[in-house]
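The structure under discussion appears below in the form of structure tokens.
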There are 4 protein chains.
Amino acid sequence: MTRSKSRKVPDITSPWEPFEDRRRARDIKREAVLRVAVHLFLEQGYDRTSLNEVAERLNITKPALYNYFANKEEILVECYSLGQELSEGALTRMREQDGDGLFRLRGLIRGHALTMAQDFGQCLVRIDDRVLSPEARREVRAGKRLIDAGFRAFISEGIADGSIRPCDVKLTAFAIAGALNWIGHWIQPDGDRSPEQIADEMALRLTEGIANTA
Amino acid sequence: MTRSKSRKVPDITSPWEPFEDRRRARDIKREAVLRVAVHLFLEQGYDRTSLNEVAERLNITKPALYNYFANKEEILVECYSLGQELSEGALTRMREQDGDGLFRLRGLIRGHALTMAQDFGQCLVRIDDRVLSPEARREVRAGKRLIDAGFRAFISEGIADGSIRPCDVKLTAFAIAGALNWIGHWIQPDGDRSPEQIADEMALRLTEGIANTA
Amino acid sequence: MTRSKSRKVPDITSPWEPFEDRRRARDIKREAVLRVAVHLFLEQGYDRTSLNEVAERLNITKPALYNYFANKEEILVECYSLGQELSEGALTRMREQDGDGLFRLRGLIRGHALTMAQDFGQCLVRIDDRVLSPEARREVRAGKRLIDAGFRAFISEGIADGSIRPCDVKLTAFAIAGALNWIGHWIQPDGDRSPEQIADEMALRLTEGIANTA
Amino acid sequence: MTRSKSRKVPDITSPWEPFEDRRRARDIKREAVLRVAVHLFLEQGYDRTSLNEVAERLNITKPALYNYFANKEEILVECYSLGQELSEGALTRMREQDGDGLFRLRGLIRGHALTMAQDFGQCLVRIDDRVLSPEARREVRAGKRLIDAGFRAFISEGIADGSIRPCDVKLTAFAIAGALNWIGHWIQPDGDRSPEQIADEMALRLTEGIANTA
DNA sequence: CATGAATGAGCGTTCATTCAT
DNA sequence: CATGAATGAACGCTCATTCAT
């Protein structure tokens, strides 16, 4: 192969590159596992997806998975984490941006809607976290509450700054979150609306009733 | 043993009653199974609930369940059915009632919200129907589509009769259904809002943006 | 079949006999499992004996074992228990019998030696209790300490009543127990000494040094 | 490959030392493995000790162990060997020393008792050799028989020279060996008796009954 | 109608061992 | 000489389902 050649060069310039390479290869493989796993979890449910199936799709054997994850639960937890990051990213971004409450709320709606268009995002609302151990569940739920708190905060903010009409904050937040989470259940990769279109429309539709346009 | 004796007396006065009684007793037991099952399904998930647990809570043994249901799947299907009936009831009622589209939509929202406050209703949105066999799933999904179609019909009707502002019917229906289905995930039996309060508020809140109040 | 006939008779004389029969059948099967299990445990070690092997020798399948025992550990614990009973039986018998310390000690030695000639007795000293969960191990060890305490008590008693010469009680008890437990390692079912002969000789030999024959 | 080159320099000044050094380093590491291994084997049992655990305690990785040992069994066999050497050493020493049978028996008892105070010695009696392959087991058992033969030889010798009273040689040897082997099960590193005290007491106690002191 | 017993299929996990690097 | 990765084999255990009683 070309291996003997390609090895010599990095050896001189950076003796650690092989390690880097390995680390990177490892991360790539971990990600591959997660992508396959979340896909199957969404397709068949967590309990009905055996590690054998996950491994088979990766052309490895079941025990090989244990090189990357301690157990099946850890795989799910990391899937949740990746989904959570998507939504939290939008929350953080909007928090750091200038604009009134309504503007920020709409941004968060868009971000959360886009999250629901991706596998890792969908797993947040479609894989029941009751399969997790108490500790893991607690962590996952903490993440979910964070997003919920974001919705409420922006709504309250909007009411305070006048961009949003007074309303029941908690219920409104639930209504919005519910409509968005539901996207994860009906959206189709090849549907006639793109995720961005859905996100934009939701941002408007879900704030129509509370936006102060006077 | 002594049963044949104790049966003979009623046999004379009314030969049909015992059958009736039996049927009734059987139905009562079936219902009891379903109530326990749906409760456990919601608590632990379908896959993680063994028939043994269901049987134990009923103080019977596992195989006894097979006298009332062909298999585990049938139990779940019937739970879905009962939930479905709740929502479909509201749909039928509103269909038969006079009123414009907005009025009917609000009625359906209330009905569906109340459905989400009950175990059988919650199982519609919290138990993943991917655990079902293809045939059973098809049936269940047909039921769900029925409700969805109801939402869309009332919205279209409202747009036609002017009670609802023109909007993207499909997306609006999804948003409303999502907000309502989500209730099943956050509602608590001893929360500070009664199901009726939630239903009423949702009926208003979810139509605020589209109601034509001019 | 002959069922309807054969059932009627016991129904009259004793309506509970079928249950009794079942209970008895169950106990017989449990015992059979234990006998096979302890045999294999002694032959190959606990960890290297799979439940499959146990089941196969009983002409049943592995999960059938779970009708009688909660898990593999429980099987071992019950084997220990049966062995423990053998030795404790001798202890209790000697405690209740008249005689000086030396007499009782010799009786206990004989009893313990005979215990070591049986599978359940051997498992006490040949199956490492470190495979048990902490709780189970504690219980098992408590049992073992009981026997040890018995040896010490009889020795002390003998010293007090003059039948045994003053000696280091603890060490002497250990030496005797060790010599006896070792029997479980070298005895052979078809050896040239019968268990009784071994027991008798041990009773003498192990007390030669401390018996007060003056 | 590059080894032949790097070896050339030391080859001039002292061609043997590098080998010696290497061998020594290798042996040191082998010993370290054995010490850790026997410790864990005694603590958790052979089957329940994974090579990973052994490697971890040595701050190396599991496959590295295979540079020093062909497989897990070989590790255990060598542990046995080291234990065996301890006891055989005492046997040889006493064989070469002047003195009657009783004297030599007592020396062997002391030596064997001291063996039981060490990890490698304990593994002789606490790790079941049934985990070994037939060939390895045969070898190990041959070693054990050697010790047993030593006990019998000294007893017979003592009977012949009058230092020991006539007795059943085989049974007496078993009783003594059993009492000594048992030490491995109850001795504690920080107990109130030192190994030497135990050894001395045992040498007396176990020969009290058969010593000819007339 | 209900039960105890049994089964077959399957799952998550562990581990000694091998191998390319 | 050491490592990370991978594998094959096995194991304990669970569970829906069946069946004789």
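Below, each value reflects all heavy atoms present in this structure, side chains not excepted, and no hydrogens, waters or symmetry copies.
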Legend entry - Sidechain-backbone polar pair: A/R57 side chain, A/V36 backbone, donor-acceptor under 3.5 Å: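 Such a contact is absent between A/R57 side chain and A/V36 backbone.
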Inset, instruction - Without swapping roles, check the side chain of C/K72 against the backbone of C/T49 for a donor-acceptor pair under 3.5 Å. - result: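 It does hold such a pair.
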For [N], does OP1 or OP2 lie under 4.0 Å from any side-chain N or O of [X]?
X: B/N67; N: E/dA2; value: yes
X: C/S50; N: F/dC11; value: yes
X: B/N71; N: F/dA16; value: no
X: D/Y66; N: F/dA2; value: no
X: C/R26; N: E/dA5; value: yes

Legend entry - Minimum side-chain heavy-atom gap D/R126-D/C123 below 4.5 Å: no
Inset, instruction - Please examine the side chains of B/Y66 and B/L51, heavy atoms only from C-beta on, and report whether any two atoms are closer than 4.5 Å. - result: yes
Nearest whole Å is fine: how far is [N] [atom2] from [X] [atom1]?
X: D/R48; N: E/dT13; atom1: CZ; atom2: P; answer: 18 Å
X: B/E53; N: F/dT14; atom1: CD; atom2: P; answer: 12 Å
X: B/K72; N: F/dA16; atom1: NZ; atom2: P; answer: 4 Å
X: D/D27; N: F/dC1; atom1: CG; atom2: P; answer: 12 Å

Inset, instruction - Just compare F/dT3, E/dT7, F/dA16 and give me whichever is closest to any side-chain atom of C/P63. - result: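 Of the candidates, E/dT7 comes closest.
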Legend entry - Candidates E/dA5, F/dT17, E/dC1 - which lies nearest the side chain of B/K29: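 Nucleotide nearest to B/K29's side chain: E/dC1.
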Inset, instruction - Remember a base hit wins even if backbone is also touched, and classify A/K62 as base, sugar-phosphate or nothing at under 4.0 Å, heavy atoms. - result: base
Inset, instruction - For D/F69, report the nucleic acid contact type (base, sugar-phosphate, nothing); a contact means any heavy atom under 4.0 Å. - result: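 It contacts nothing in the nucleic acid.
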Legend entry - Any-strand Watson-Crick or G-U partner of F/dG4, both distances under 3.5 Å: E/dC19
